[in-house]
Structures are given as structure tokens and as C-alpha cells.
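Structure first, then comments.
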Amino acid sequence: MSRPIIAIGGTYDQAPPTSAFPTLRRIFTNEGYVSKLEQSGASVILIPHTKTDIDTLMSHCDGLLLPGGPDIEPSLYHQKRHPSCGKSDEESDTFQIALYHAAKRKGIPILGICRGTQLINVAEGGTLFQDYMLREHHDIVHPDLKHFDKVSHPVTIQENTKLASILGSGKVGVNSLHHQCIDEVAPVFQCTARSSDGCIEAIETTSDNWILGVQWHPESMGDEMLPLFNAFVEATMG
């Protein structure tokens with residue numbers, strides 16, 4: 001059986017001053033996404049920002065992963081920029097939102113990770129907190145960068161959800177690299193996991209589509225998170 005093809009939405013980054021092309025931006029993704037997907041049986045392609053017909057691009061793919069990255073442009077969820085909001089790349093945001101809708105039209109599985117989860121929520125009409133400190137309760141230091149590949153805090157996964165069928169319900173340890181988080185969950189989606197301070201840590205669609213997002217970075221953790229990638233890749237195989 002051929003390996004399913006998973007598309008990853010590429011993220012822009014400025015080339016370093018030492019580059020031969022210091023004024024140009026680069027398209028990149030973290031190797032953790034690729035290694036986990038390949039370990040789960042998929043082949044991976046990185047989708048650059050392009051004006052090519054996106055539906056045609058997605059017609060060659062069996063699934064879409066929306067990765068982590070910079071803060072999403074607040075105007076896309078009808079808010080003014082707060083001083084605590086980091087730098088955004090609206091071109092990346094609108095392109096990846098278009099990728100999301102193209103994948104959804106095709107009916108292929110979609111997995112969002114960190115910013116990718118927030119992007120799914122925004123694409124479907126939800127909103128974000130521009131910084132987790134703007135929430136009423138913020139007892140956990142969510143951007144725990146020292147433990148990027150280790151458990152930072154537990155989340156509680158809701159029973160009878162797709163995420164619970166993959167990782168089990170109840171408490172699961174996760175890392176935490178985000179400073180923004182979901183505020184209002186988009187229509188036709190539900191929150192499926194929260195941290196102890198109430199922060200939304202995962203969402204999934206209530207429709208028949210396979211669309212799921214987690215706020216943590218499972219690609220940076222060990223094999224305990226491999227079932228999430230296994231389930232995603234299995235879903236792309238029908």
C-alpha cells in the first residue's frame with residue numbers, strides 16, 4: 001500500500017544576515033512534524049506560499065497539518081492589536097486559512113498544532129486571547145520554553161471525544177509553548193481538553209469531518225504522543 005501524502009503549511013522566516021540572500025524570506029517547518037508523520041507511515045510535502053490554485057495543490061494530498069508559528073493577525077478575528085500580541089505575518093495567515101478551507105472542501109483529515117489549532121478556530125469564526133495573561137485565570141506559565149520536549153503541565157481530556165479515543169480521557173501530560181490561546185470556540189467545534197487554569201488545550205469538529213487541534217506540541221515530545229500522529233495518518237487512509 002502506498003504511503004499517504006500529508007501536506008504541511010509552510011511558515012515564512014527571514015533569512016539570516018549571513019545568508020547569500022539576506023533580504024529574502026524562507027519557507028520552513030520544524031523537523032519534528034516530518035519525523036513523527038514519517039514514523040506513522042506518511043510521506044510529507046511542505047506547501048510554500050503560492051498563488052497557484054490551492055484546490056489543485058490539495059488534490060494531490062491526503063491530509064493537512066497546520067503547524068505552530070507566529071501570532072495570528074488579530075484583525076482576522078475582528079480584534080484590535082493588543083500590545084502583548086507578537087509580530088504577525090498576515091500573508092502566512094490568509095494562505096494557511098485558504099489551505100484549511102481547501103482541505104475541508106476535499107474532506108481530508110486536518111490536524112492543527114499550537115498556532116495551527118488557533119488558525120482553525122479563527123478560520124471557522126472563533127476568537128483568541130492575544131495573550132494568556134488576558135484571561136481571568138492564568139495560574140500556569142504556558143510558554144514554558146525550558147521544557148519544550150517534556151511535560152510542563154497536565155490537561156484533562158473530555159470523555160467521548162475523538163481525542164479521548166486516541167490519547168484516553170482524563171489527565172495527560174503535555175508541553176506548553178504558546179502565549180496565545182482560544183477564547184470563543186468556533187461554531188460546529190467543541191473544546192475537548194483544558195488545563196487546570198481553564199485554558200482551552202484542544203478542539204475538534206462536531207461534524208463528520210476529521211478535524212482536530214491541540215494547543216501543545218506533540219511533535220516535540222516522545223512516543224507517548226505518537227498515537228495522535230498514528231490516528232491522523234490512519235484517518236488519511238480512509
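What you see is a predicted model; the values in this text were computed from it and never measured. Quick note: numbers below take in every heavy atom, side chains included, and nothing from hydrogens, waters or symmetry partners.
Inspection of the N230 and S40 side chains reveals an N or O donor paired with an N or O acceptor under 3.5 Å. Looking at E90 and S88, their side chains never bring a donor and an acceptor atom within 3.5 Å of each other.
For D53, the CG atom counts as densely surrounded, since its 6.0 Å shell holds more than 12 non-hydrogen atoms of other residues, nucleotides or ligands. Heavy atoms from other residues, nucleotides or ligands lying under 6.0 Å from CD of Q158 number more than 12. Counting heavy atoms of neighbouring residues, nucleotides and ligands inside a 6.0 Å radius, atom CD of E159 does not exceed 12 of them.
Between the side chain of N175 and the main chain of H217, a donor-acceptor pair closer than 3.5 Å is present. Looking only at distances, no side-chain donor or acceptor of K162 sits under 3.5 Å from a matching main-chain atom of L212.
Looking at I120 and Y100, their side chains come closer than 4.5 Å, going by heavy atoms from C-beta outward. Under the 4.5 Å side-chain criterion, counting only non-hydrogen atoms from C-beta, T156 is not in contact with R194. Using a 4.5 Å cut-off on side-chain heavy atoms (C-beta onward), I113 and E219 make contact. Contact annotation: the side chain of E224 never approaches that of L167 to less than 4.5 Å [non-hydrogen atoms, C-beta and beyond]. Residues N121 and Y77 are not in side-chain contact: their nearest non-hydrogen atoms beyond the backbone lie 4.5 Å or more apart. Looking at heavy atoms from C-beta onward, I200 lies out of side-chain contact with T117 at the 4.5 angstrom threshold.
To the nearest 0.5 angstrom, F229 atom CZ is 6.0 Å from L37 atom CG.
Residues in residues 20-30 take part in these side-chain hydrogen bond (donor to acceptor under 3.5 Å, both in side chains) pairs, two or more places apart or across chains: S19-R26, R25-D89, R25-E91.
Applying the side-chain hydrogen bond (donor to acceptor under 3.5 Å, both in side chains) test between Q96 and each of R115, H101, H49 identifies R115 as the sole match. Screening Q79, R81, Q180 for a side-chain hydrogen bond (donor to acceptor under 3.5 Å, both in side chains) with Q130, the sole residue that qualifies is Q79.
Qualifying side chain to side chain contact (heavy atoms under 4.5 Å, CB included) partners for T50, counting only residues two or more places apart in sequence or in other chains: T52, L57, F95.
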